[in-house]
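Shown next, in structure tokens, is the structure this report addresses.
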Amino acid sequence: MAWTNYHNHCHYCDGKFSVEDHVISAIEKNLIALGMSSHCPVDFENGWSMAKKDIPGYFEEIRSAKNKYHEQIEIYTSLEIDFIPDIVSPSDLFITELKLDYTIGSIHFVEAFEDGKPWEIDGSTALFERGLAEIHQNDIKKVVQKYFNLTRQMIRDTRPDIIGHIDKIKMHNRKKPFFSENERWYRNEVEETLKTLAVTGGIMEVNTRGLYKKYSDTPYPSPWVISRAYEMDIPVCINSDAHTPDEITLAFEYAASLLKEAGYHTIQVLLKDKWQSLPFDNQGVIIS
Ligand SMILES: [Zn+2]
Ligand SMILES: [Zn+2]
């Protein structure tokens with residue numbers, strides 16, 4: 001019985017710890033594979049993306065951990081790549097040339113403020129409210145539809161291996177009910193997005209960060225979305241989006257139980273450089 005986690009941030013972006021710190025913790029937590037996925041470089045200032053000049057150091061630090069710990073754990077190199085049309089995308093040449101072991105595509109920005117600065121939708125609730133008012137005249141439906149439109153465009157046009165936190169736009173609802181997930185228009189957006197993913201292909205991660213950081217009462221995505229994904233035969237993996245080594249397996253047991261309840265019997269794991277389906281239970285994947 002063992003876990004895997006392909007969504008982890010270290011000191012090259014907004015994490016604080018070294019790759020080796022993450023690897024040591026992952027081995028202690030009985031992981032058989034760990035993927036590092038720093039926030040990819042972007043051409044504008046923000047508090048959490050990796051600098052382009054640091055890419056060689058990032059690769060080197062992962063390579064050296066691989067050499068040192070290859071008998072205990074498989075280590076993979078990736079980036080969590082933003083999709084901002086005309087700015088950055090998982091299919092950009094500079095990304096494909098890096099020959100990452102896999103890619104995570106995520107939406108963190110929806111349109112831009114008047115000064116051109118992209119609006120970060122997963123920052124503070126105050127920043128969310130500012131963008132909502134200034135860019136979208138407080139039309140939450142328009143913002144959410146734009147978010148899912150971008151998600152679908154990213155899936156269709158750039159085909160990341162893993163879709164990061166597919167319904168993260170719900171995260172501010174815990175502080176203030178901006179919208180209800182029961183509203184028909186919201187359900188339609190999710191439904192359309194899952195359909196796109198089912199047709200195009202790609203793994204939907206169940207991301208536990210919102211849960212253990214208490215940003216959300218449910219993982220990304222919500223249990224009802226996981227159930228719909230199962231009905232559409234969409235493959236899934238469990239990731240924690242860890243920014244510190246102690247977060248590597250947080251809420252994994254719960255995520256596994258939600259997947260089981262939805263009907264899933266297997267999750268996707270990258271082992272021996274190949275994505276494969278393995279059976280799992282609340283203690284992790286089962287290796288025969
Ligand atoms: Zn993210
Ligand atoms: Zn992340």
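We're numbering straight along the sequence, starting at 1. Each ligand, and each atom within it, is numbered from 1 in the order the structure gives.
For Glu129 and Lys176, the salt-bridge test passes: some basic side-chain N is under 4.0 Å from an acidic carboxylate O.
The aromatic rings of His39 and His9 lie parallel to each other, with less than 30° between the two planes, well short of the 60° mark. Between Tyr76 and Tyr6, the ring planes are tilted. Angles from 30° to 60° get that label.
Counting only protein atoms, the N, O or S atoms lying less than 2.8 Å from the Zn ion (ligand 1) are Glu80 OE2, His108 NE2, His165 NE2, ordered by chain and residue number.
Side-chain contact between Lys170 and Tyr220 is present, with heavy atoms from C-beta onward closer than 4.5 Å.
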- Item | Worked verdict on Glu191 versus Arg187 for salt bridge (Lys or Arg N to Asp or Glu O under 4.0 Å) | CA-CA 6 Å; Glu191 185 79 10; Arg187 297 232 161 199; over 6 Å; no

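Among the atoms of His9, an N, O or S atom falls under 2.8 Å from the Zn ion (ligand 2).
In this structure, the ring of Trp48 has its center less than 6.0 angstrom from the ring center of Phe109.
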